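In the text below, chain A, chain B and the rest are named by the order of the sequence lines, each starting its count at 1. Keep in mind the model is a prediction, meaning the values are calculated, not measured.
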Number of protein chains: 2
Amino acid sequence: MKRPTIADIARRAGVSKGAVSYALNGQPGVSEATRQRILAIAEEIGFTPNSAARALSGATANAVGLALRRPARILGLEPFFMELISGVEAELSARSYALTLQVVADPEAEIAVYRRWWGERRVDGVLLCDLRIDDRRVPVLEQLQLPAVVIGGPGHTGGLASVWADDAAALAEAVEYLVALGHRRIARVGGLPELLHTEIRTRAFTDACARLGLSEAVTVACDYTGEQGGRATRRLLSAARRPTAIVYDNDVMAIAGLAAAHELGLAVPGDLSIVAWDDSPLCRLVHPSLTALGRDIPAYGAHAARALLAVIAGDQVGAYQHDTPHLKPRGSTAPPR
Amino acid sequence: MKRPTIADIARRAGVSKGAVSYALNGQPGVSEATRQRILAIAEEIGFTPNSAARALSGATANAVGLALRRPARILGLEPFFMELISGVEAELSARSYALTLQVVADPEAEIAVYRRWWGERRVDGVLLCDLRIDDRRVPVLEQLQLPAVVIGGPGHTGGLASVWADDAAALAEAVEYLVALGHRRIARVGGLPELLHTEIRTRAFTDACARLGLSEAVTVACDYTGEQGGRATRRLLSAARRPTAIVYDNDVMAIAGLAAAHELGLAVPGDLSIVAWDDSPLCRLVHPSLTALGRDIPAYGAHAARALLAVIAGDQVGAYQHDTPHLKPRGSTAPPR
DNA sequence: CTGAAAGCGCTTACAG
DNA sequence: CTGAAAGCGCTTACAG
């Protein structure tokens, strides 16, 4: 079954291939009557332009790349990426762009993937996740002149476009809420310290605690896994003056923290209040359901995809601020008893 | 910054473009000395073949497609797909194949995506998930002659290659285990009834219960969400003769079931034993940790990817059986009291 | 073993 | 408004 080409359409319509191309792409250069006739024939024979041929002449691959640097174990567990991807994808497919996905093991591999994509012209641009402080990927992408949008910030994005959310404000809201409930000893179980947003949240946490007159503001650095989240929680709760509230940097660690509290015979929220980051369905799956800093992750991904398509189109794109995550109080927070 | 092409290499090496192509692809037609010289130059100037040009002449896109038909909400939550993707991806990237992902809303959209991919020659083959009984995608793929591997079965795959696991045997093992513990009233919270593997599991459950002399074998049909899983559990546990054990078709519903039992004041595993399907890290996140039917999902995905590459290479591929999921007993199962 | 050439299916100046 | 042609960067018969 041979795929129809513009040559087939041209023959049928009795015009040149060029005319078919113009008609199909809405370019001037053909009369309206001819255009309609060509479109009808294309429709009739089920024509779909060959993406390789198009990429070869037009220089656009109509695809966008996303490299994810996390082990399968963590990737599978965190709802974040799948939600992000589905948001990105919704925006892309509406514009007939494909999403090319690659899981990478380390920064070297990720940079190699960008170089390869660029060399192969396989993608027209990329989305950058998990921005780090002094991120080595940023100068590489700038040098390659590969269109890119950083999902993260603010700052540290070099000359690249970005979409970011105000994590600092969100974390401050959570701390204020806990203090308003009467908590004075609040701890935090953080994500990977080398990630920029972890740094931003840690500083916001320290600042908020200081501003509200709390004497201590302990952050334990973890890696987003339930294993480390549970262990950190056990350690915090075994201390002499244990915290009455813990803020977690993702939902998975928060759930592990909840289980750890149960193991230690502590009631949630009676003995311990818990706030999770990312209000995924996981938070409503457990008992009590978790108070969380919620955000619409698919919308965040869609926003980033839109920004990337603008960059690819040659628009001047800076740093777009996305909605600030907001607190969703549920059963896991209450006044300390 | 212009990307280097084979013409650049040819000029530098003082040979024809054809010779460069042969050398780069390990084809006969160039002397070993010439080949080495060409490879060295390619390496030196950082040559990467343009994938569009390659696809246009060689007829292979070096990409594989995966369409996922689930709402973002569910997709994000279930570790299954991310683990599957990371396994697929690991296998593909080792062979320099890209993975093109698309999230679709319904069967029509999914079939349209296959047609488009085929027309655009954007992918060399596709992976089919969530096989249904009388699945309309199967004849479409056969007709398009788009290389495909079904992840699922056995049976109902038409002439397509497939990779499947013996869910029936796994479910029987779980039921036998529960009966050995002393359970006589076992219920099941199942996945989407239109999926083939749900049907297979339901039949296996009914058969195992009958074989072991249990008088009833209730399966409640759900959709894999925690919401429905929790509701089904509440209903089952509110009945006059409530089950002492429930087997769930995924981990998310099992966790929701655990929370529902807690809400109703029932102890797990004292009053209710729980078995989950898919031993994701979620199962070890909750307290008690969940007994689960475990399987290596990334390996399953890698297996499917290998099969697909074989189909693309023109090999005759039938139905490969993958490892049978096996029971991992943990804290959520015990003799009924 | 090597070179020159055609061709993959498009897009896009360039003439009429 | 339309046609004929060149070109994107490869691969692959086809001659030497």
Exercise. Kindly say whether B/Val103 contributes a backbone atom to a donor-acceptor pair with the side chain of A/Glu89 at under 3.5 angstrom?
Key: yes

Quiz item: Can a side chain N or O of A/Asn50 be found less than 4.0 Å away from OP1 or OP2 on C/dC8?
Solution: no

Quiz prompt | Heavy-atom side-chain proximity of A/Ile85 to B/Met82 below 4.5 angstrom | solution = yes

Self-check item: Separation of atom CG in A/Asn62 from atom P in C/dT11, rounded to whole Å
Solution: 10 Å

Exercise. Let me know the distance between CH2 of B/Trp118 and P of C/dG9, rounded to the nearest Å.
Key: 12 Å

Exercise. Please tell me which of the listed nucleotides, C/dT12, D/dG9, D/dC10, lies nearest to the side chain of B/Pro49?
Key: D/dC10

Exercise. Return the minimal non-hydrogen interatomic distance between B/Trp164 and B/Tyr300, and the atom names on each side.
Key: CA-OH, 3.6 Å

Quiz prompt | D/dG9 phosphate, OP1 or OP2, under 4.0 Å from B/Arg54 side-chain N/O | solution = no

Self-check item: Separation of C/dT11 C1' from A/Ile6 CD1 (nearest whole Å)
Solution: 8 Å

Self-check item: For atom NZ of A/Lys17 and atom P of C/dG7, their distance in whole Å
Solution: 11 Å

Self-check item: Minimum heavy-atom distance B/Tyr22-B/Arg35, with the two atoms named
Solution: O-NH1, 3.5 Å

Practice problem: Hey, which sits more toward the 5' end of DNA chain D by its nearest nucleotide, B/Gln27 or B/Ala53? | Solution: B/Ala53

Exercise. Could you check whether B/Val20 gets within reach of a base, just the sugar-phosphate, or nothing at all, counting any heavy atom under 4.0 Å?
Key: nothing

Practice problem: Would you please confirm or rule out a distance under 4.0 Å between OP1 or OP2 of D/dC8 and any side-chain N or O of A/Ser57? | Solution: no

Practice problem: Kindly point out which of D/dG9, C/dG3, C/dT12 is positioned nearest to the side chain of B/Ala19? | Solution: C/dG3

Practice problem: Please determine, for the side chain of B/Tyr22, which listed nucleotide (D/dT12, D/dT2, C/dT11) has the closest atom? | Solution: D/dT12

Quiz item: Nearest-Å distance, CG (A/Leu56) to P (C/dT11)?
Solution: 11 Å

Self-check item: Secondary-structure notation, DNA chain D, from Watson-Crick and G-U pairs under 3.5 angstrom (| other strand)
Solution: |||.||||||||.|||

Quiz item: Does OP1 or OP2 of D/dC1 have a side-chain N or O of A/Thr34 closer than 4.0 Å?
Solution: no

Exercise. Look at the side chain of B/Ser21 and decide which nucleotide, out of D/dT11, D/dG3, C/dG3, has an atom nearest to it.
Key: D/dT11

Self-check item: 4.5 Å side-chain heavy-atom contact, B/Tyr224 and B/Leu195
Solution: yes

Quiz item: Got a donor-acceptor contact below 3.5 angstrom from the A/Ser51 side chain to the B/Glu120 backbone?
Solution: yes

Exercise. Would you indicate, yes or no, if C/dT2 has its OP1 or OP2 atom less than 4.0 angstrom from a side-chain nitrogen or oxygen of B/Ser31?
Key: yes

Quiz item: Do the side chains of A/Asp130 and A/Phe81 get nearer than 4.5 Å, heavy atoms only?
Solution: yes

